[in-house]
Amino acid sequence: MPYRAPVSDFRFLMDHIVGFDEVAATDRFADATPDMTKAILTEAAKMSEEILAPLNRVGDLHPAHLDNGIVRTSPGFADGYNAIAEGGWIGMSASQEVGGLGLPMTLTTTVNEMIASACLSLQLSPLMTQGQIEALEHHASDAIKDLYIPKLISGEWNGTMNLTEPQAGSDVGALRTKAEPNGDGSYAITGQKIYISWADNDFTQNVCHLVLARLPDGVKGTKGISLFMVPKLIPDADGNPGEKNDLRVVSLEHKMGLHGSPTAVMEYSGAKGWLVGEEHGGMAAMFTMMNNARLGVAVQGVGVAEGALQHALAYANDRKQGKAPGTGTIIEHADVRRMLTTMKADTYAARAITLMNAVAIDMALATGDDSWQARAAFLTPIGKAFCTDVGCEVSATGIQVHGGMGFIEETGAAQYARDVRVATIYEGTNGIQAMDLVARKLMDGGEAAFAILEEIEQGAEAAKTTHPELAEAVWQSAESLRETTEWLVAQDDLNDRFAGAVPYLRAFARVLGAHVHLASAIMGDAARARLATFYIKRMLPEHVGLLVHAREGASDLMAITADDLAA
């Protein structure tokens with residue numbers, strides 16, 4: 001079915017809810033005028049709807065494959081990628097000093113969502129490149145920046161990140177890939193990496209791999225890891241792709257979804273690489289890329305949710321079944337209406353959270369204010385985990401709306417669920433995001449969390465004159481969340497925090513969503529008010545049980561033995 005970009009939602013959220021006007025008011029982002037914003041949203045929507053969306057089903061039915069060591073991509077993907085590259089969408093947020101457009105991450109976030117909705121398999125490629133550009137901007141030498149970043153921004157070359165190994169997943173410090181000095185400023189990289197998205201293709205001139213490896217004097221664990229640029233083709237004296245490097249794609253993974261996105265096992269056999277950042281400082285450099293990717297992955301969850309929602313809504317408006325009133329189609333059944341409204345309400349809340357996160361990133365960059373940086377850091381794990389969960393839940397509900405036809409591949413409903421499922425796993429599983437939230441992100445004593453809760457309560461207070469019942473519910477939810485945050489901060493045993501980390505993150509996101517919906521009810525039309533009423537009355541109460549779970553600690557959980565689970 002045709003995809004329609006939710007431009008009106010982007011405009012409304014940016015104009016009235018997430019504070020984009022503050023971003024545009026800064027000197028750094030003064031170019032992000034209303035006219036510029038409108039033009040970007042319009043053009044990105046047109047590309048996503050007309051060029052990329054038709055490729056989504058093609059990638060699923062005609063996967064990327066390995067042919068005599070060469071990755072052959074899905075039909076039409078080269079044209080789709082060229083449209084993204086030629087439109088300048090890859091380097092939107094890269095600084096003007098390195099050839100980017102220097103536009104706010106908030107605008108990049110809207111564009112990335114549209115591309116992800118249209119064709120998630122293809123969107124993974126520019127997303128990885130965007131993260132690599134940022135990592136190089138912050139950590140690479142001038143020589144590497146000057147050589148690689150312009151090619152990455154133009155899309156002539158694409159970027160990847162190589163972290164995972166068969167024995168080193170979330171425990172990155174267990175990696176075995178080695179880096180030996182060659183004596184000429186380069187290093188010989190030897191090892192195997194797995195799960196490498198877009199590790200090769202047949203439409204860019206070069207593939208630039210950022211690879212984590214350990215120098216001979218690198219200590220065990222993450223503190224002994226360094227980061228290296230290892231290109232597929234070694235640039236010659238003129239900066240053009242030259243001789244082939246000693247690396248290869250061993251195989252492509254046979255995945256549950258994202259069939260159009262080649263995910264490779266990579267082998268490095270003394271491949272030539274160049275150090276990015278300081279020796280043994282690889283994790284700091286890679287985390288720059290990973291934090292960018294975590295917001296990007298959150299956006300993927302929202303994008304797939306939007307696509308699944310539109311797919312299910314079109315089916316419900318057309319399918320006649322049972323004795324439904326009105327049109328006689330299944331959308332007139334109360335339970336189908338419940339499912340579709342839940343899908344829409346959660347997608348809207350998740351979209352708002354990604355944009356709030358992006359605004360915080362932009363304001364931190366534009367002002368240098370530590371409070372904005374803390375806000376961005378706090379929202380990142382919430383956005384990554386909640387929004388990808390929403391992508392999974394909305395796409396699963398979309399299958400349910402289709403009934404038996406949802407289980408039949410020809411309808412395309414199942415593809416959304418298969419494609420988005422991995423988003424809850426990569427760039428740090430959602431459980432790890434939650435643990436990060438209750439540990440590292442509460443190291444400030446909860447200051448960043450309390451600042452957001454204060455904002456929510458102030459918003460609720462302001463809404464009591466027009467929407468008293470909804471406002472009171474939101475205010476009470478924020479107060480309950482405050483009490484649980486205080487309880488978590490008081491726990492010295494991190495395991496007591498970790499045992500309830502996932503429900504705490506979910507509860508925080510649920511309350512944030514209520515805050516956004518309440519603000520939208522005040523500023524928007526009757527349709528937004530009706531959606532807010534549904535969310536706050538029917539979905540927000542979930543936070544009560546979640547917070548009870550979050551405060552239970554770890555003792556009863558850890559008392560359960562392996563034998564208990566096997567019984």
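- Side-chain N or O atoms of Glu180 include none that pairs as donor or acceptor with a backbone N or O of Leu215 at under 3.5 Å.
- Of all heavy-atom pairs spanning His62 and Pro75, the tightest one is CB-CD, 3.7 Å.
- Checked by atom type and distance alone, the side chain of Thr190 pairs as donor or acceptor with a backbone atom of Gly270 at under 3.5 Å.
- By the side-chain hydrogen bond (donor to acceptor under 3.5 Å, both in side chains) test, Gln192 is found to be paired with Glu267, residues two or more places apart in sequence or in another chain being considered.
- In the displayed structure, Lys178 atom NZ is contacted under 6.0 Å by at most 12 heavy atoms of other residues, nucleotides or ligands.
- Between the Thr110 side chain and the Leu107 main chain, a donor and an acceptor come within less than 3.5 Å of each other.
- A donor atom on one side chain and an acceptor atom on the other are not found under 3.5 Å apart for Thr160 and Gln132.
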Considering only distance and modelled atom types, tabulate donor-acceptor pairs under 3.5 Å from the side chains of residues 22-29, sequence neighbours left out.
residue: Thr26; atom: OG1; partner: Val23; partner atom: O; Å: 2.7
residue: Thr26; atom: OG1; partner: Phe29; partner atom: N; Å: 3.3

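- Under the rule for a ring pair (Phe, Tyr, Trp, His ring centres under 6.0 Å), the partners of Tyr187 that lie at least two apart in sequence or sit in another chain are Phe228.
- Taken to the nearest 0.5 Å, the CD1 atom of Ile361 stands 7.0 Å off from the OG1 atom of Thr109.
- Distance alone, capped at 3.5 Å, is enough to place a donor-acceptor pair between the Asp496 side chain and the Ala554 backbone.
- Counting heavy atoms from C-beta on, the side chains of Val71 and Asp202 never come closer than 4.5 Å.
- Within the 4.5 Å cutoff, side-chain heavy atoms of Lys145 are placed close to those of Asp142.
- For the pair Leu295/Thr380, no side-chain contact is recorded, criterion being any heavy-atom separation below 4.5 Å from C-beta on.
- In this structure, Glu113 pairs ionically with Arg351, as a charged nitrogen and a carboxylate oxygen lie closer than 4.0 Å.
- Contact between Val207 and Ala199 at its shortest, heavy atoms only, is CG1-O, 3.5 Å.
- In this structure, CG on Leu55 lies 14.5 Å from OH on Tyr81, to the nearest 0.5 angstrom.
- Listed by first and then second residue, the side-chain hydrogen bond (donor to acceptor under 3.5 Å, both in side chains) pairs involving residues 229-250 are Asp200-Lys232 (not counting sequence neighbours).
- You'll find the side chain of Ser93 stays beyond 4.5 Å of the side chain of Gln130, heavy atoms only.
- Not one N or O on the side chain of Tyr504 forms a donor-acceptor pair closer than 3.5 Å with the backbone of Leu488.
- Asn182 and Lys272 share no side-chain donor-acceptor pair at under 3.5 Å.
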Practice task
Take Glu393 and Arg506 through the test salt bridge (charged side-chain N to carboxylate O under 4.0 Å, His left out) and record every step on the way to the result.
Solution key: CA-CA 13 Å; Glu393 292 161 12; Arg506 176 81 177 197; 2.9 Å; yes

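- At distances below 3.5 Å, at least one donor-acceptor pair connects side-chain atoms of Gln433 with backbone N or O atoms of Glu427.
- Atom CZ of Arg176 is surrounded by 12 or fewer heavy atoms from other residues, nucleotides or ligands within 6.0 Å.
- Pairing each heavy atom of Ala118 with each of Ser48, the nearest pair is CB-O, 3.4 Å.
- In terms of modelled atom types and a separation under 3.5 Å, the side chain of Lys255 and the main chain of Pro262 share no donor-acceptor contact.
- The shortest side-chain heavy-atom distance between Tyr426 and Val297 falls under the 4.5 Å cut-off.
- Partner of Tyr195 under the side chain to side chain contact (heavy atoms under 4.5 Å, CB included) criterion, out of Thr164, Leu163, Asn162, Val265: Thr164 alone.
- Taking 4.5 Å as the limit, every side-chain heavy atom of Val211 sits out of range of all side-chain heavy atoms of Met161.
- Separating the NZ atom in Lys384 from the OG1 atom in Thr388 is a distance of 4.5 Å, to the nearest 0.5 Å.
- When side chains are defined from C-beta on, Met356 counts as touching Leu512, because their heavy atoms get closer than 4.5 Å.
- Within the 6.0 Å centre-distance limit, the rings of Phe508 and Phe378 are counted as a close aromatic pair.
- For Thr263 (side chain) and Glu253 (main-chain N/O), no donor-acceptor pair under 3.5 Å exists by modelled atom type.
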Do Thr106 and Asp362 pass the side-chain hydrogen bond (donor to acceptor under 3.5 Å, both in side chains) test, and can you show the C-alpha distance, the side-chain angles, and the key distance before you say yes or no?
CA-CA 7 Å; Thr106 309; Asp362 288 332; 2.6 Å; yes

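- Here the closest heavy-atom approach between residue Ala385 and residue Leu505 is recorded as CB-CD2, 3.6 Å.
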In residues 119-128, what donor-acceptor pairs under 3.5 Å come from side-chain atoms, sequence neighbours left out?
residue: Ser121; atom: OG; partner: Gly260; partner atom: N; Å: 3.4
residue: Gln123; atom: OE1; partner: Gln300; partner atom: NE2; Å: 2.8

Can you give the donor-acceptor pairs under 3.5 Å from side chains of residues 146-154 to other protein atoms, not counting sequence neighbours?
residue: Ser154; atom: OG; partner: Pro150; partner atom: O; Å: 3.4
residue: Ser154; atom: OG; partner: Lys151; partner atom: O; Å: 3.0
residue: Ser154; atom: OG; partner: Glu156; partner atom: N; Å: 3.2
residue: Ser154; atom: OG; partner: Glu156; partner atom: OE2; Å: 2.7

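- Side-chain contact annotation: Asn158 with Thr129, donor-acceptor N/O pair under 3.5 Å absent.
- Looking only at side-chain heavy atoms (C-beta outward), Arg214 and Val219 stay at 4.5 Å or farther from each other.
- Side-chain atoms of Asp444 come within 3.5 Å of backbone N or O of Ala448 as a donor-acceptor pair.
- Ring centers of Trp198 and Phe203: under 6.0 Å apart, within the cut-off.
- Between the side chains of Thr204 and Asn201, a donor-acceptor pair is found at a separation under 3.5 Å.
- The two atoms that bring Ala439 and Phe498 nearest to each other are CB-CE2, 3.8 Å, heavy atoms only.
- When atom types are taken as modelled, the side chain of Thr429 and the backbone of Ile432 share a donor-acceptor pair closer than 3.5 angstrom.
- Of all non-hydrogen atoms in Ile225 and Leu175, the two that sit nearest each other are CD1-CD2, 3.6 Å.
- For Gln167, the CD atom is densely surrounded, since the number of other residues' heavy atoms within 6.0 Å is greater than 12.
- Atom CG of Asn112 sits about 11.0 Å away from atom OG of Ser117, to the nearest 0.5 Å.
- For the residue pair Asp419 and Gln415, a side-chain donor N or O sits within less than 3.5 Å of a side-chain acceptor on the partner.
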